[in-house]
Amino acid sequence: MIRIHNSLTGQKQELKPVEPGHVRMYSCGITVYDYFHVGNARMLVVFDMVSRYLRHRGYRVTYVRNITDVDDKIINRAREAGIDWRAHAKKFTDAMHEDLAALGCLPPEKEPKASEYIDEMLTMIGQLIDNGYAYQASNGDVMYDVHKFAPYGKLSGKKLDDLRAGARVEVDTAKRDPLDFVLWKSAKPGEPAWPSRWGDGRPGWHIECSAMSTKELGEHFDIHGGGLDLKFPHHENEIAQTCGATGGKFAEIWMHNGFLNIDNEKMSKSLGNFFTTREVLAKIKHPEVLRFFLLSSHYRGPMNYSPDQLEQAEAGLTRLYTALRGVPEEMPAGVQLTPGSATTAFNESMDDDFNTPEAIAVLQGLARELNTAKSSGAGNAALANTAGELRALAGVLGILRVPAEQWFRGGAAEGALSDADIDARIAARLAARKAKNWAESDRIRDELAAAKVILEDKAGGVTTWRRA
RNA sequence: GGCUAGGUGGCAGAAUGGUUAUGCAGCGGCCUGCAAAGCCGUCUAUGCCGGUUCGAUUCCGACCCUAGCCUCCA
């Protein structure tokens, strides 16, 4: 039984797919106006993990993650760059896909682009007007009338009066209420616009997700996810729109991942304390380090980003790879993997609201088991199942996807010693060791260490190496 | 001001009404020519004050502190 924390109720509830055996989930993807930052990466990795785990548990999963390609920020950036907004969006959509692939995020079943769902948005806006939830304001914008939707504020636990008391929004005389939000913005010169019965214009951000999720998953599906900052107003507005337009039940469970902070503060463009995923990936040994780091604390809690933490993540991941070293990558031919107690423990942890830190602890337990077996001289046949189980479970989290030896030998810096050079020096050292010329042996080892190559002498005169 | 989440050992980070994950770092030992890796052992913890309880880090209340939302934001 999989239990998931539902933001709507504040409690964990059992996942019972509307359509038995088939989980339909949607997450608000990113706005392609720039390279996405590490905080975005957390959300992307978290929901990729969720979809992978649900599949691992035997569910058929339809995961839809949208791309917001019609938005103020895109229009403004494109204008600054002097290019068409579509070209700007395309550039960063392509970059996003590259970074996602590096992070090991599987492609969702559908990746709808807002610009291709304008008709659906207009239909939904029409339904909202017909149902009395929306009105066209004096400036031509179509607004959502939040007063008309009784449950407004349920998701975020806010009351209209409380919201208004804290409202810092500029008074917009075109709105009936300061909290009303735009469904359709009337066209302005130089901006993209589509024709509609309310005049030329473009969609507001919130209606985009309502239209795309409803079109691709229907009026009633299982999981809707996104970052915590989307809870209000974006997801609140989505509920008001979808339920107001279709009368449907919309999402059963709302999942929100916590923030990735810098120095305990939310990263934001205005504070300037953010890192793009792209620049972080360029600094670390392997993209898996970032993925492992992002999954090393529970998805709902806040977590701090720092280079030091990434180093710790690399150390933890390296321990896992170390256990896999020297064990064949594949199960022996004809041998079936037999899941053991670790698989049960892993599933129990993950069933409980995707407790990835606990699941990783199970992985570390398997690593210890392997190391212990290896140090007591167990052969590959005895190790195969444990190693296979470790790889399989880690795969559910999207880690340990690299052959172990490649993990240790990869990441050579510019101008570093080649593998052949290293092997030659190891051979020279081996000769020195045979002659018990320890001074020469140590000299070669120190020389390699200076080149960031660590030697490890194994039993039987075998020496392996790895890059630090 | 309103609402929400959280304060766990040197660091990160789970869990739990009583026997206290996991990783990194430290210490001792084994292994090694010496190392490295690994294994074994081991030291540090539950913001503060009350209450409930045989017993609370875990439940309840007050307080302090931190972060987030209330404005575009994963």
Side-chain angles (χ1 to χ4, degrees), chain A residues 7 10 27-31 33 36-47 68 71-73 153 156-159 161-170 178-179 205 225-234 236 256-261 263-270 274 292-293 296-298 300-304 306 308-309 311-320 322-323 325-326 345 349 352 355-365 367-368 370-376 408 433 436-439 441-442 445-446 449 454-459 463-466 468:
Chain A
S7 299
S27 77
C28 294
I30 65 175
T31 302
Y33 70 103
F36 64 86
H37 60 61
V38 216
N40 295 302
R42 184 178 188 193
M43 168 260 148
L44 295 163
V45 166
V46 162
F47 290 101
T68 299
D71 173 87
D72 289 351
K73 286 198 281 282
S156 49
K158 296 177 189 305
K159 298 187 184 77
D161 288 340
D162 293 341
L163 284 168
R164 217 168 284 116
R168 282 172 276 166
V169 287
E170 302 258 327
L179 298 171
W205 175 43
L228 191 56
D229 47 354
L230 260 40
K231 196 172 183 181
F232 187 92
H234 184 57
E236 197 71 70
H256 292 100
N257 64 276
F259 291 122
L260 186 62
N261 298 321
D263 297 331
N264 290 314
E265 283 187 325
K266 178 181 168 179
M267 57 173 83
S268 77
K269 304 261 169 173
S270 55
F274 69 95
F292 184 81
F293 163 69
S296 66
S297 78
H298 188 89
R300 274 193 287 123
M303 67 189 300
N304 240 331
S306 76
D308 184 56
Q309 305 251 43
E311 276 176 36
Q312 281 203 21
E314 186 186 322
L317 194 51
T318 294
R319 180 178 162 79
L320 257 22
T322 300
R325 259 190 126 176
S349 296
D352 183 15
N355 195 332
T356 52
E358 229 175 36
I360 288 172
V362 172
L363 263 35
Q364 294 289 3
R368 169 155 309 193
L370 276 174
N371 286 332
T372 303
K374 278 200 279 191
S375 65
S376 66
F408 289 101
R433 292 186 72 211
K436 296 204 189 301
N437 184 350
W438 307 128
S441 163
D442 291 350
R445 184 169 62 195
D446 291 345
I454 313 285
L455 298 190
E456 295 167 343
D457 295 332
K458 297 284 158 63
T463 297
T464 59
W465 61 272
R466 63 190 161 90

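Atom set for the values below is all heavy atoms of this structure, side chains included, hydrogens, waters and symmetry mates excluded. Letters A, B, ... are given to chains in the order of the sequence lines, protein chains preceding strands, and every chain is numbered from 1.
Between A/Ser296 and A/Cys28, the one whose closest nucleotide on RNA chain B sits nearer the 5' end is A/Ser296. Residue-to-nucleotide proximity on RNA chain B shows that, of A/Lys159 and A/Thr31, the 5′-proximal contact is made by A/Lys159.
Spacing between B/rU42 and B/rA5 at atom C1', rounded to whole Å, works out to 36 Å. B/rA35 and B/rG68 have their C1' atoms separated by 49 Å, with the value rounded to a whole Å. Comparing the P positions of B/rC70 and B/rA74 gives a spacing of 13 Å, expressed to the nearest Å. Comparing the P positions of B/rG13 and B/rG6 gives a spacing of 14 Å, expressed to the nearest Å. For the P atoms, the distance from B/rU44 to B/rA21 is 13 Å, rounded to whole Å. Comparing B/rC40 with B/rU22, their P atoms are spaced 11 Å from each other, to the whole Å. With both ends at atom P, the span from B/rA12 to B/rG7 equals 13 Å, rounded to whole Å. B/rC11 and B/rC60 have their P atoms separated by 28 Å, with the value rounded to a whole Å.
When rounded to the nearest whole Å, the span between CG of A/Asp161 and P of B/rC3 equals 13 Å. Atom CG in A/Leu228 sits roughly 11 Å away from atom P in B/rG6 (whole-Å rounding). Between A/Glu236 atom CD and B/rC69 atom P there is a gap of 16 Å when expressed in whole angstrom units. A/Gln309 places its CD atom 15 Å from the C1' atom of B/rU22, with the value rounded to the nearest Å. For the pair A/Ile360 CD1 and B/rA12 P, the computed distance is 17 Å after rounding to whole Å. The interatomic distance linking A/Arg300 (CZ) with B/rG6 (P) rounds to 8 Å, in whole Å. Put simply, CE on A/Met303 is 9 Å from C1' on B/rA12, counting in whole angstrom units. The CG atom of A/Asp308 sits 11 Å away from the P atom of B/rC11 (whole-angstrom rounding).
A donor N or O paired with an acceptor N or O is found under 3.5 Å between the base of B/rC69 and the side-chain atoms of A/Lys158. One N or O donor and one acceptor, one from the side chain of A/Gln312 and one from the base of B/rG23, sit under 3.5 Å apart.
Judged as a salt bridge (Lys or Arg N to Asp or Glu O under 4.0 Å), and not counting sequence neighbours, A/Asp71 has no contacts. Residues forming a side chain to side chain donor-acceptor pair (under 3.5 Å) with A/Asn264 (at least two apart in sequence, or on another chain): A/Asn304. A/Asp308 pairs by the side-chain contact (heavy atoms from CB on, under 4.5 Å) definition with A/Ser306, A/Gln312, not counting sequence neighbours. The side chain to side chain donor-acceptor pair (under 3.5 Å) check on A/Lys436 picks up nothing, with sequence neighbours excluded. Scored by the ring-ring contact (aromatic ring centres under 6.0 Å, His included) test, A/His234 finds A/Trp205, A/His206 as partners (sequence neighbours excluded). With sequence neighbours excluded, the residues satisfying side chain to side chain donor-acceptor pair (under 3.5 Å) with A/Arg325 are A/Glu405, A/Glu456. Annotation: side-chain contact (heavy atoms from CB on, under 4.5 Å) contacts of A/Asn40 (sequence neighbours excluded): A/Ile30, A/Phe36, A/His37.
Distance check: A/Thr68 OG1 to A/Lys73 NZ gives 9.5 Å after rounding to the nearest 0.5 Å. Once rounded to the nearest 0.5 Å, the distance linking CZ of A/Phe293 with CZ of A/Arg42 reads 8.0 Å.
Within the structure, every side-chain polar atom (N or O) of A/Asn304 is placed at least 4.0 Å from both OP1 and OP2 of B/rA12. Taking 4.0 angstrom as the limit, A/Lys266 places a side-chain polar atom (N or O) nearer than this to OP1 or OP2 of B/rC69.
Residue A/His298 is in sugar-phosphate contact alone, with no base atom involved, counting any heavy-atom pair closer than 4.0 Å across all strands shown. The residue A/Gly39 sits close to a base: some heavy atom pair falls under 4.0 Å. If you check every strand for non-hydrogen atoms under 4.0 Å, A/Gly225 touches nothing. If you check every strand for non-hydrogen atoms under 4.0 Å, A/Phe259 touches a base. The residue A/Asn264 sits close only to the backbone: its heavy atoms come under 4.0 Å of sugar-phosphate atoms, none of a base. In this structure, A/Leu260 reaches the bases: a heavy-atom distance under 4.0 Å links it to at least one base atom across the strands shown.
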Quiz item: Given pairs defined as Watson-Crick or G-U wobble with both distances under 3.5 Å, what dot-bracket annotation applies to RNA chain B, with ( ) intrastrand, [ ] crossing, | other strand and . unpaired?
Solution: (((((((..(((.....[...))).(((((.......)))))....(.(((..]....))).))))))))....
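A donor-acceptor contact shorter than 3.5 Å is absent between the side chain of A/Lys159 and the backbone of A/Gly153. Within the 3.5 Å criterion, the main-chain N or O of A/Asn437 finds no donor-acceptor partner in the side chain of A/Ser441.
For A/Glu358, the listed nucleotide lying nearest its side chain is B/rA14; candidates were B/rG13, B/rC70, B/rA14. When distances run from any side-chain atom of A/Met267 to the nucleotides B/rC72, B/rA74, B/rC24, the shortest one goes to B/rA74. Taking only side-chain atoms of A/Asn355, from C-beta outward, the nucleotide of B/rA15, B/rA74, B/rU22 with the closest atom is B/rA15. Side-chain atoms of A/Phe232 lie closest to B/rC70 of the nucleotides B/rA74, B/rC70, B/rC72.
Considering A/Val362, A/Ile360, A/Asn355 in turn, A/Asn355 is the only one that fulfils the side chain to side chain contact (heavy atoms under 4.5 Å, CB included) rule with A/Glu358.
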Practice problem: Sugar-phosphate means primed atoms, P, OP1 and OP2; the rest is base. With that split, encode nucleotides 32-47 of chain B 5' to 3' as B, S or - using protein heavy atoms under 4.0 Å. | Solution: -BBBBSSSS-------
